[in-house]
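As a basis for the values below, the full set of heavy atoms in this structure was taken, side chains included, without hydrogen atoms, waters or symmetry mates. Throughout, protein chains are lettered first and strands after them, A, B, ... in sequence-line order, and every chain is numbered starting at 1. Keep in mind that this is a model prediction, so the values were computed, not measured.
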2 protein chains.
Amino acid sequence: MKNKLKIYRAIKNVTQAQLADEIGVSRQSINTIEKGKFVPSTVLALKFARFFEVAVEEIFSLEDND
Amino acid sequence: MKNKLKIYRAIKNVTQAQLADEIGVSRQSINTIEKGKFVPSTVLALKFARFFEVAVEEIFSLEDND
DNA sequence: ATTTTTTGTAAGGTTTACTTTACTTTTAGT
DNA sequence: ACTAAAAGTAAAGTAAACCTTACAAAAAAT
């Protein structure tokens with residue numbers, strides 16, 4: 001699965017730390033999710049979508065290996 | 001987080017076992033996700049959405065305690 | 001009513017998300 | 001160039017997702 005977190009973070013102009021605070025996770029979680037190192041839960045996906053005011057599918061998308 | 005999996009399963013007329021097969025998880029996973037016993041990963045959420053041909057937010061929604 | 005299908009639930013195990021702390025590297029500001 | 005902020009990475013621990021097997025309960029079919 002790939003994601004556009006870095007892009008949406010740039011659009012909203014928030015740091016990983018600020019986003020972590022908004023979503024309620026650690027900064028490292030934001031970093032590793034953003035880098036695709038692990039797959040976040042659906043609760044987090046919904047929170048990202050709500051924060052960035054876009055659909056979950058706009059941020060996260062399936063890849064062939066999923 | 002709550003979900004409408006049972007409803008969408010009814011609409012598409014598929015059993016938990018069939019859905020599990022489509023999504024690529026065990027039937028018990030479908031059952032426990034459907035009953036809200038645990039939160040699926042975003043990959044699973046995207047797969048549910050793709051299978052039911054609706055947005056993730058249409059199936060899964062945040063609650064106050066999330 | 002009996003059989004078959006579907007759903008619910010439980011135990012035990014493996015994998016992975018997510019945490020904290022902490023350090024390094026990169027980017028931005030002055 | 002120096003400093004500060006942001007991002008990247010790592011290790012070790014905890015919590016939770018997801019698995020398999022198995023069985024009970026409920027619903028549907030005949």
query = Run the salt bridge (charged side-chain N to carboxylate O under 4.0 Å, His left out) check on Glu34(A) and Arg9(A) step by step: do they pass?
reply = CA-CA 10 Å; Glu34(A) 189 169 304; Arg9(A) 223 163 37 71; 2.8 Å; yes
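Across residues 46-66 of chain B, not one residue has a non-hydrogen atom less than 4.0 Å from an atom of DNA chain D.
Counting to the nearest Å, the C1' atom of dT7(C) and the CD1 atom of Ile33(B) are 15 Å from each other. The distance between atom CD1 of Ile7(A) and atom C1' of dA7(D), rounded to the nearest whole Å, is 17 Å. Atom CG of Asn3(A) is separated from atom P of dA17(C) by 13 Å (rounded to the nearest Å). Counting to the nearest Å, the P atom of dG8(C) and the CG atom of Leu19(B) are 13 Å from each other.
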Shorter than 3.5 Å, N or O on both sides, protein versus nucleotides 13-15 of chain C: list them out with atom names.
none

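For the pair Glu22(B) and Lys47(B), the salt-bridge criterion is not met [side-chain N within less than 4.0 Å of a carboxylate O].
Although no hydrogens or angles enter the test, the distance criterion places a donor-acceptor pair under 3.5 Å between the side chain of Asp66(B) and the main chain of Glu63(B). Although no hydrogens or angles enter the test, the distance criterion places no donor-acceptor pair under 3.5 Å between the side chain of Glu58(B) and the main chain of Ala55(B). Side-chain atoms of Thr42(A) come within 3.5 Å of backbone N or O of Ser41(B) as a donor-acceptor pair.
Because its NZ or CZ atom is not both nearer than 6.0 Å to the ring centre of Phe60(B) and within 45° of the ring axis, Lys4(B) does not count as a cation-pi partner of that residue.
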task = Let me have a per-nucleotide readout for nucleotides 8-17 of chain D, 5' to 3', with B, S or -, counting only protein heavy atoms under 4.0 Å.
result = BBB------S
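Using a 4.0 Å heavy-atom criterion, one finds that Ser26(B) contacts the bases of the nucleic acid, with or without backbone contacts as well.
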